[in-house]
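A quick write-up on the structure given underneath.
In what follows, every heavy atom counts, from backbone to side chain, and hydrogens, waters and symmetry copies are set aside. One is the number of the first residue; the rest follow in order along the sequence. Remember, it's a predicted structure, so these values are computed and weren't measured experimentally.
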Amino acid sequence: MPAHQEAARIDGTLRALAAQHDRDFTLLVVDNASTDDTAAIARAFAARAPFPVHVVDEPEKGVGCAVDTAFRHAIDHGAGLLARTDADCLPHPGWTAAARAALGDGPRMVCGRIAARRDEHGPAGRAAFRAMVATAAAFGRLRPAHSRRHGYLAPYRMHAGNNMAITAELYLRVGGMPRRPSPTDRAFLNRVRRHTADITHCRTMVVENSTRRIRQYGLVGTARWYLDQGSGTRGEDPR
């Protein structure tokens, strides 16, 4: 779980992970150059958590750096199955169980389903979030650069980095997460698509996603950001 300046939200994510039906896992929280109490909150949680928790420091800012550091740390310590969410998200109680079941014998990648957090927006905001996700998914499928004629083994299916799982074998085979600032999800998915067609979607693997970027960037600005066009004059990624 990469975390940058998440002192206001990380406790909710940690409590959601503690409420998982399947708690046979080790949690890695990667403090990505935070200057607030993010790491302190994670370490306090580790003392009472129902599973092992390790807090890892990654001074090179960028969600890709944080995720790659975490996954390689986990693999170096014997992990065979890897799952990621973010420190502003709320995984549903069956998230880890669904990820484990979906990965099966591998090597494969699994993309889960995202919904808007109910504590950040009302019905209109959540509807806008669903519409934006559907539009981005359709654009991704139609984008010529994502066509299988470019050497991809699987059709394009948009995935959210905050709700994905992958086997350690496949992660290493594709070269890992791009070590760069967010967004990294599409670049990583395309790395995987060049190596395997075994990419599945699991509707029971659900994470509630923060919608605060919509509030800060607006719908158009958020769409630009997801398309690697940057945030314009709107400042740093609010995550």
Testing the basics here: between D86 and P2, what is the closest heavy-atom pair and its distance to 0.1 Å?
OD1-CG, 3.4 Å
Can you give me the closest heavy-atom contact between A83 and F71, atom names plus distance?
O-CE2, 3.9 Å
Within the distance-only criterion (no hydrogens, no angle test), does the side chain of R203 pair as donor or acceptor with the backbone N or O of G112 below 3.5 angstrom?
no
Quick check against the 3.5 Å criterion: does T167 have a side-chain atom that pairs as donor or acceptor with the backbone of L81?
no
Intermediate values then yes/no, side-chain contact (heavy atoms from CB on, under 4.5 Å), H159 and M109
CA-CA 10 Å; H159 87 290; M109 177 178 172; 3.5 Å; yes
Closest approach of A99 and A165, non-hydrogen atoms and distance?
CB-CB, 4.1 Å
Rounded to the nearest 0.5 Å, the CG atom of N163 sits from the CH2 atom of W95 at a distance of 6.5 Å
Find out whether L189 and Y156 are in side-chain contact, i.e. whether some heavy atom of one side chain is under 4.5 Å from a heavy atom of the other.
yes
Would you call D88 and R9 a salt bridge, using N to O less than 4.0 angstrom?
no
Before accepting this row, confirm whether a basic side-chain N of the pair E208/R118 lies closer than 4.0 Å to the acidic partner's carboxylate O.
no
Taking the side chain as every heavy atom from C-beta outward, state whether T184 and V67 have any atom pair closer than 4.5 Å.
no
Take T69 and R179 through the side-chain contact (heavy atoms from CB on, under 4.5 Å) test and state the conclusion after the steps.
CA-CA 9 Å; T69 292; R179 294 186 67 88; 3.3 Å; yes
Report the C-alpha separation of L90 and R117 in whole Å, then their side-chain angles, then the decisive distance to 0.1 Å, and conclude whether the side-chain contact (heavy atoms from CB on, under 4.5 Å) test is met.
CA-CA 7 Å; L90 300 176; R117 284 181 61 145; 3.9 Å; yes
Got H146 and R141 here, is their nearest side-chain heavy-atom distance under 4.5 Å?
no
Side chain proximity check, L28 to H73, heavy atoms < 4.5 angstrom
yes
So how far is it from L82 CG to E169 CD, rounded to the nearest 0.5 Å?
11.5 Å
Check whether R148 reaches the backbone of L153 with its side chain - one donor and one acceptor, N or O, closer than 3.5 Å.
yes
How about I199 and R157: do any of their side-chain heavy atoms sit closer than 4.5 Å?
no
Please test D76 against R72 for salt bridge (charged side-chain N to carboxylate O under 4.0 Å, His left out), starting from the C-alpha separation and ending with a verdict.
CA-CA 6 Å; D76 288 345; R72 292 183 186 278; over 6 Å; no
Within the distance-only criterion (no hydrogens, no angle test), does the side chain of D37 pair as donor or acceptor with the backbone N or O of A7 below 3.5 angstrom?
no
List the atom of G176, the atom of D68, and the distance in Å for their closest heavy-atom pair.
CA-OD1, 4.0 Å
F51 vs Q20 side-chain heavy atoms within contact, under 4.5 Å
no
May I ask you to say whether E60 pairs ionically with R180, meaning some side-chain N is under 4.0 Å from a carboxylate O?
no
Have R173 and T196 got a donor and an acceptor in their side chains that come within less than 3.5 Å?
no
If we only count heavy atoms from C-beta on, is the V53 to F45 side-chain gap below 4.5 Å?
yes
Of the non-hydrogen atoms in A87 and E6, which two are nearest, and what is the gap between them?
CB-CG, 3.7 Å
Where the side chain of R48 meets the backbone of A44, is there a donor-acceptor pair that is under 3.5 Å apart?
yes
For the residue pair C89 and V207, what are the closest heavy atoms and their distance?
CB-CG1, 3.5 Å
Mind telling me whether H150 and Y152 have parallel, tilted or perpendicular rings, with 30° and 60° as the class edges?
perpendicular
Atom pair CE (M205) and CE (M164), whose distance is rounded to the nearest 0.5 Å
8.0 Å
Could you point out which residue of T35, N32, T38 forms a side-chain hydrogen bond (donor to acceptor under 3.5 Å, both in side chains) with Q5?
T35
Are the side chains of R100 and D22 in touch, meaning some heavy atoms are under 4.5 Å apart?
yes
Report the C-alpha separation of D31 and V56 in whole Å, then their side-chain angles, then the decisive distance to 0.1 Å, and conclude whether the side-chain contact (heavy atoms from CB on, under 4.5 Å) test is met.
CA-CA 6 Å; D31 178 32; V56 179; over 6 Å; no
Shared ILVMFWY cluster between M177 and L170, side chains joined below 4.5 angstrom?
yes
Mind checking whether I166 and L172 sit in one hydrophobic cluster, side chains of I, L, V, M, F, W, Y counted as touching below 4.5 Å?
yes
